[in-house]
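Okay, structure first, notes after.
A quick note: this is a predicted structure, and the numbers were derived from the prediction, not measured. Here is the naming used below: chain letters follow the sequence lines, and residue numbers restart at 1 for every chain. Note that these values count all heavy atoms, side chains included, but never hydrogens, waters or copies made by symmetry.
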There are 2 protein chains.
Amino acid sequence: MAEPTHKPLRPQRLTAKGAATRERIVRAAAELMHTQGVERTSLDDVIAVSGTGRSQLYHYFADKAAIVDAVVEFQIEQVLGAQEELLRNADSMNGLTRWRDAVVAHNRSLKGAHGCPLGSLASALSDSSEITRQAIARGFDRWEGALRTGLQHMRQTGALAQEADPATLATGLLAALQGGYLLAQARRDATSIQVALDTALDHIRSFTR
Amino acid sequence: MAEPTHKPLRPQRLTAKGAATRERIVRAAAELMHTQGVERTSLDDVIAVSGTGRSQLYHYFADKAAIVDAVVEFQIEQVLGAQEELLRNADSMNGLTRWRDAVVAHNRSLKGAHGCPLGSLASALSDSSEITRQAIARGFDRWEGALRTGLQHMRQTGALAQEADPATLATGLLAALQGGYLLAQARRDATSIQVALDTALDHIRSFTR
DNA sequence: CGAAGAATGTACTAGCCGATACATTTTCGC
DNA sequence: GCGAAAATGTATCGGCTAGTACATTCTTCG
């Protein structure tokens with residue numbers, strides 16, 4: 001039994017077709033889990049929406065937890081990707097305001113429903129799997145880091161006072177965003193997220209000169 | 001069929017014993033749902049922890065959704081009750097700071113785990129039942145109202161500038177709290193909630209004279 | 001007391017859901 | 001083109017879970 005032929009559980013290399021199927025699964029799972037929650041989303045739901053079969057799910061993923069992990073990574077890229085340009089330009093009060101406008105407008109169009117794609121996963125999964133929790137935390141770190149970079153730039157250029165701490169302000173801003181998402185979701189009204197972000201931006205503005 | 005004897009589904013009046021049992025059920029369900037999530041908590045879990053039987057659950061509640069609703073009301077009272085004195089005295093920067101200290105200290109003792117008892121319910125339930133969502137929203141309203149009352153008092157006594165808007169500041173403060181809870185939960189570190197609350201308090205402080 | 005109803009115990013069921021086994025078709029690299 | 005591996009289809013299973021049925025014990029109150 002020198003070299004027992006382990007059955008190759010996951011495909012060793014994906015074909016173009018396989019990669020497309022895998023992505024359809026993840027996209028469907030991500031949308032379902034965001035709109036109706038992780039636990040309420042069954043594999044049958046994912047199969048129906050993705051237009052695949054049961055065998056595909058287990059061909060590309062070890063189990064449901066692996067799908068959830070893929071959804072977490074997917075949503076992190078989705079959220080940061082969708083905001084990439086806005087975040088890159090969030091290095092001035094005008095840039096921060098444009099970012100705020102985009103977030104609030106999108107939330108308003110949904111009447112606050114579903115909350116933040118990453119935040120709702122954080123609430124649902126942080127206490128279940130340690131690996132998953134760390135992945136979500138890394139997503140928040142990247143998000144906060146992007147905000148911090150913009151604030152650091154503002155301080156370097158003198159737009160922000162030297163005593164302003166970009167790291168602290170970035171944490172406060174991300175917290176205001178997440179808390180705003182949650183209140184807006186519970187109230188079915190985007191006003192909360194708008195007020196929360198405006199308050200956080202007001203605070204940052206108080207450090208401008 | 002003038003008066004068909006409808007079977008009295010729920011007990012018409014609770015005896016002392018019955019009320020105690022009902023409360024044991026709600027307490028056990030609340031703790032389980034907070035620590036492991038609403039969907040991951042089965043009725044068998046509730047039965048085991050509460051030390052009751054299956055028939056009791058359905059004697060006091062119509063179904064699982066009714067238990068969840070009772071848990072929501074219970075947690076609202078728990079959260080507001082535990083902070084009642086602190087919130088009543090949150091009408092000065094010192095009072096607000098004491099409230100902040102208590103929240104942060106408690107969260108630190110848990111290393112951020114589980115998040116806010118009401119916030120996690122909000123995330124899990126806001127998109128499922130409309131009735132439940134409204135109950136949670138009312139809980140947030142009361143919480144925000146308590147903070148607003150303190151800030152209004154500060155403005156009336158001149159501690160806060162006239163141009164400060166207590167309603168806006170209260171929303172921002174509650175959002176910072178909820179966002180801080182969420183980030184702390186994902187990061188398993190109370191630093192985020194501490195920074196978020198400090199930032200929000202700093203902002204309020206900028207309106208003091 | 002004694003009966004009505006509350007409180008509790010035991011047993012069961014139907015459906016869903018994650019997971020597996022196995023067969024078949026399709027694709028890709030040599 | 002041919003063999004290996006990927007991709008997909010079908011059928012099934014065991015366990016968990018919410019919910020029901022029914023019997024029994026306890027409490028309250030007239």
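- Exactly one residue among A:V26, A:L57, A:V72 makes a side-chain contact (heavy atoms from CB on, under 4.5 Å) with A:I67. That residue is A:L57.
- Of the possible donor and acceptor atoms, one in the side chain of B:D45 sits under 3.5 Å from a partner among the backbone N and O of B:S42.
- At whole-Å resolution of the value, CZ in A:R13 and P in D:dA6 are 6 Å apart.
- Within the structure, every side-chain polar atom (N or O) of B:Q56 is placed at least 4.0 Å from both OP1 and OP2 of C:dA7.
- Between D:dT8 and A:Y60, a contact under 4.0 Å exists linking OP1 or OP2 to a side-chain N or O.
- Ion pair B:R27/B:E23 flagged as a salt bridge, since at least one NZ, NE, NH1 or NH2 atom sits closer than 4.0 Å to an Asp/Glu carboxylate oxygen.
- Between A:F140 and A:W143, the ring planes lie parallel to each other; the angle is under 30°, not in the 30° to 60° tilted range.
- Per the geometry, CG belonging to A:L57 stands 14 Å off P belonging to D:dA7, to the nearest Å.
- Atom NZ of A:K17 is separated from atom C1' of C:dC28 by 12 Å (rounded to the nearest Å).
- Between A:H59 atom NE2 and C:dA23 atom P the separation is 17 Å, expressed in whole Å.
- Between the CZ atom of A:R22 and the C1' atom of C:dT27 there is a distance of 19 Å, given to the nearest Å.
- The stretch residues 23-35 of chain B does not touch DNA chain C, since none of its heavy atoms comes less than 4.0 Å from the strand.
- The local environment of CD in B:E85 is sparse, with at most 12 non-hydrogen atoms from other residues, nucleotides or ligands closer than 6.0 Å.
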Per-nucleotide protein contact string for nucleotides 15-20 of chain D, where B marks a base within reach and S marks sugar-phosphate only (heavy atoms under 4.0 Å, - for neither): --SBBB

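- Side-chain contact check for B:Q156 and B:Q152: no donor-acceptor pair (N or O, by modelled atom type) lies under 3.5 Å.
- OP1 and OP2 of C:dT26 both lie 4.0 Å or more from every side-chain N or O belonging to A:T15.
- For the residue pair A:S123 and B:Q185, no side-chain donor N or O sits within less than 3.5 Å of a side-chain acceptor on the partner.
- By the ring-ring contact (aromatic ring centres under 6.0 Å, His included) test, A:H34 is found to be paired with A:H114, residues two or more places apart in sequence or in another chain being considered.
- Using a 4.5 Å heavy-atom threshold, the side chains of A:R155 and A:F207 count as separate.
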